[in-house]
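Below, chain A is the first sequence line, B the second, and so on; all start at residue 1.
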Amino acid sequence: MALSNSEIADIFNQMADMLEIKGENPFKVRAYRNAARTVQNLGKSLDSLMEEGMELTKLPGIGHDLAESIAEIIETGKFSKLEALKKEMPEGLDKLLSIEGLGPKRIRQLYDTFHITSLEELAKVAESGEIYTLKGFGPKLVEKILKGVRLAKKAGHRFRFDVAKPFAEELRSYLENFEGVIDVEVAGSYRRKKETVGDLDILVVAENWERVVDWFVAFEKIKEVVSKGPTRSTVILRNDLQVDLRSVAKESYGSALHYFTGSKAHNIKIRKMAIEKGWKINEYGVFQGERRIGGETEEQIYRMLGLRYIEPELREDRGEVEASLEGRLPKLVTLEEVRGDLHVHSNWTDGHASIREMAEAAKAKGYDYIAITDHSRHLTVAKGLDEKRLREQMEAIDKLNETLDGITVLKGIECDILEDGSLDLPDSVLNELDIVLGAVHYKFNLSKKEQTRRIVKAMQHPCFNVLAHPTGRIIGHRNAYELDMGEIFKACKNEQVALEINAQPERLDLNDIYAKVAKEEGIKLSVATDAHDPMSLDFMEYGINQARRGWLEKEEILNTRTLKQLKALLKKG
DNA sequence: GCCGTTTTCGGCCCGACTGTTTTCAGTCG
């Protein structure tokens, strides 16, 4: 069985960790990490790329050796170089890297001296005091390590964007309204609208930093003040979200914002371009020798490098710099361009509001249309509709439309894709609907081949319009089901099926990477909320964030169209 | 281990902070 891209990326990351602890050439370590990132960012599985006979060395950061390594991993499921390293050094050492304050050098020291390979052994040596015999280990560090061991289970935890957002925005206005504060921006992955954020990086331009920091650490939702320094202060909020506040000089604002917005890979690329011009970019500005020649705004930095401005959502080193150079950056879709919502539930099944209430809430948002897409009969827990009740609902919608002004309700269904790939309702009724979403709600654990065959077969049904939450993943809870995405994309093209970006913040499915591939393949997308109540129509924002991260433009999204255009697009053939 | 219009060797982003030192290594973002 071929390994997935993320499994291969994990292998390379583990390889990098082990090499680092071994003390290998740091650039070799970096090469493995770069390769892991490249693999993770691919929209197509490596095994299918190999099957197609693609030269893997064409991928950035993959050279002769790594291409062979990938081939070996795909063929055998194992990586002999990693296996060999594990014989030299026990597995588990790389887990210690997650402890704050412990890096490769100190882990090596601990292993060489005490043969420490686990958190338990580490705690023992730290508590007994033996650890102090090592050079460079003082009381503060040891305390930090012990704390890290206790927190190890939580390590690596990231917060969903929607969870972090209220804290970010509350802090933003809390700081903005303090006297002497000139500029506030929440940078980092939050500004890039990533689906999860590790922490919040807030930049502040202020006349009196000391007083701003005092104000900051007095914020009521803070659990712990970690540090309070002359340029930076770190706190932990009650929900364990870490917030870094950074003082920035006015003239450095652009370069600081760029630096702290990231991503790291994007920044490295930009800095390399500066080097080629004989400049240096850091968080304080653009420099020629000692002389500052720019950095007040991000726009200026990009302009100096001969680049068009790159939106934060694109800054992942997924081709945006090249696209910018060549003047082919996408004009990213905006929330304002959305004219309707194509995945909405009502209290006919598991929704909490009537169709009218949903329609009026949508109208209040300025939409022209919504599609009511309740569940089909197989989903009994949600009171799924059988043909009879669906026909009743269709009639009710027709009547409702006669009384509604300024918004149209489309008749739809979120139809279960059964295990054999057939749809959960008869053709006779599906034919009469305005829109048919197909979705998988059970049997998530079929083999890749079976699951792909199941979904492709369903998509071949002539009424099938949109594949809803295509991969089934739930952020932090459930992985995507095994699926050959190449085959799914192919079927989308052949059958004129659109893919959904489900805007539920725990789904955001398709993800950004697949959304970009879908775009490149010429596939249409529907950004839809799957709302079960009027408030959830606001989730559209998260779906649009993901669409923007997937490089999508207005034209590629069904629900930016007028009702007339949309209806034409939904009619196949 | 990758990469290349200064190309097959010799570079590889850049700086701050912390804790430990007494001038700096290690870690982090």
Side-chain angles (χ1 to χ4, degrees), chain A residues 12 15-39 56-70 79 81-82 96-110 131-132 134-145 147-148 155 187-190 197-203 226-234 242-248 252 255-256 258-287 295 305 317 321:
Chain A
F12 285 160
M15 188 74 189
D17 287 345
M18 301 281 273
L19 288 173
E20 203 169 25
I21 295 166
K22 198 185 163 201
E24 264 279 6
N25 175 359
F27 298 106
K28 186 196 268 195
V29 173
R30 187 185 296 174
Y32 274 103
R33 292 206 202 285
N34 285 341
R37 216 180 51 80
T38 293
V39 169
L56 296 183
T57 52
K58 292 223 169 74
L59 298 171
I62 309 289
H64 173 263
D65 289 17
L66 279 167
E68 281 197 346
S69 300
I70 290 171
F79 186 25
K81 285 184 181 167
L82 181 59
L96 299 178
L97 278 172
S98 68
I99 305 286
E100 212 181 322
L102 279 192
K105 301 279 161 52
R106 288 176 184 150
I107 289 173
R108 184 68 205 236
Q109 255 182 304
L110 287 162
I131 200 168
Y132 291 112
L134 295 179
K135 193 170 171 234
F137 284 72
K140 289 261 179 71
L141 180 60
V142 171
E143 191 187 330
K144 195 171 176 181
I145 289 171
K147 195 173 169 189
S189 48
Y190 182 81
V197 301
D199 57 16
L200 294 176
D201 283 308
I202 306 182
L203 308 190
V226 178
S227 72
K228 220 177 122 181
T231 64
R232 173 182 164 181
S233 173
T234 299
Q242 178 174 320
V243 185
D244 290 346
L245 188 76
R246 293 166 196 275
S247 165
V248 175
S252 300
S255 34
H258 185 260
Y259 173 71
F260 287 111
T261 296
S263 68
K264 193 171 172 176
H266 174 88
N267 287 352
I268 288 173
K269 198 145 207 168
I270 296 297
R271 287 176 177 198
K272 279 183 179 166
M273 288 183 71
I275 291 170
E276 280 165 26
K277 290 190 185 288
W279 304 335
K280 181 179 74 172
I281 295 183
N282 57 27
E283 57 263 52
Y284 302 108
V286 183
F287 295 89
L305 295 172
D317 190 21
V321 175

Students often mix this up, so state it plainly: with edges at 30° and 60°, are the rings of A/Phe79 and A/Tyr32 parallel, tilted or perpendicular?
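Taking A/Tyr32 first and then A/Phe79, their aromatic rings sit tilted (interplane angle of 30° to 60°).
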Take atom [atom1] of [X] and atom [atom2] of [N], then tell me their distance rounded to the nearest Å.
{"X": "A/Asn25", "N": "B/dC2", "atom1": "CG", "atom2": "P", "value": "12 Å"}
{"X": "A/Tyr32", "N": "B/dC12", "atom1": "OH", "atom2": "P", "value": "21 Å"}
{"X": "A/Arg108", "N": "B/dT27", "atom1": "CZ", "atom2": "C1'", "value": "18 Å"}
{"X": "A/Gln109", "N": "B/dG26", "atom1": "CD", "atom2": "P", "value": "8 Å"}
{"X": "A/Asp199", "N": "B/dG29", "atom1": "CG", "atom2": "P", "value": "7 Å"}
{"X": "A/Glu68", "N": "B/dG1", "atom1": "CD", "atom2": "P", "value": "11 Å"}
{"X": "A/Lys28", "N": "B/dG1", "atom1": "NZ", "atom2": "P", "value": "4 Å"}
{"X": "A/Phe260", "N": "B/dG29", "atom1": "CZ", "atom2": "P", "value": "12 Å"}

Work out which heavy atom in [X] is nearest to a heavy atom in [Y]; give both atom names and the distance.
{"X": "A/Arg37", "Y": "A/Ala265", "result": "CZ-CB, 3.3 Å"}
{"X": "A/Ile202", "Y": "A/Val243", "result": "CD1-CG1, 3.8 Å"}
{"X": "A/Leu110", "Y": "A/Leu134", "result": "CD2-CD1, 3.6 Å"}
{"X": "A/Leu66", "Y": "A/Gly61", "result": "CD1-O, 3.6 Å"}

Does any nucleotide pair with B/dT8 by Watson-Crick or G-U wobble geometry, both distances under 3.5 Å, and what is it?
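Partner of B/dT8: none found under 3.5 Å.
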Atom [atom1], compared across [N] and [M]: separation rounded to whole Å:
{"N": "B/dT21", "M": "B/dA25", "atom1": "C1'", "value": "10 Å"}
{"N": "B/dC12", "M": "B/dC17", "atom1": "P", "value": "24 Å"}
{"N": "B/dA16", "M": "B/dG11", "atom1": "C1'", "value": "25 Å"}
{"N": "B/dC14", "M": "B/dT20", "atom1": "C1'", "value": "23 Å"}
{"N": "B/dG15", "M": "B/dG10", "atom1": "P", "value": "25 Å"}

Under 4.0 Å between any heavy atoms, over every strand shown, what does A/Pro104 touch: base, sugar-phosphate, or nothing? Just pick one.
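Contact class for A/Pro104: sugar-phosphate only.
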Restricting to side chain to side chain donor-acceptor pair (under 3.5 Å), what partner residues turn up for A/Glu68, sequence neighbours left out?
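Residues passing side chain to side chain donor-acceptor pair (under 3.5 Å) with A/Glu68: none at all.
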Could you measure the distance from the CE atom of A/Met15 to the NZ atom of A/Lys28? Nearest 0.5 Å is fine.
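Taking CE in A/Met15 and NZ in A/Lys28, the distance rounds to 7.0 Å.
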With rounding to the nearest 0.5 Å, note down the distance linking CG in A/Leu141 to CD1 in A/Ile131.
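Between atom CG of A/Leu141 and atom CD1 of A/Ile131 there are 7.0 Å.
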Whether A/Thr38 side chain and A/Pro60 backbone form a donor-acceptor pair below 3.5 Å
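Yes.
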Encode nucleotides 14-23 of chain B as B, S and - characters from 5' to 3', where the letter depends on protein heavy atoms closer than 4.0 Å: B to the base, S only to sugar-phosphate, - to neither.
SSSSSSS---
Please list each protein N or O that sits under 3.5 Å from an N or O in nucleotides 3-7 of chain B, with the distance.
residue	atom	partner	partner atom	Å
B/dC3	OP1	A/Gly61	N	2.8

Pick the closest DNA chain B nucleotide for A/Gln242 and for A/Asn267 by heavy atoms, then say which residue is nearer the 5' end.
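Result: A/Asn267.
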Go through the steps for A/Asp199 and A/Asp201 under the test side-chain contact (heavy atoms from CB on, under 4.5 Å), then give the verdict.
CA-CA 7 Å; A/Asp199 57 16; A/Asp201 283 308; 3.8 Å; yes
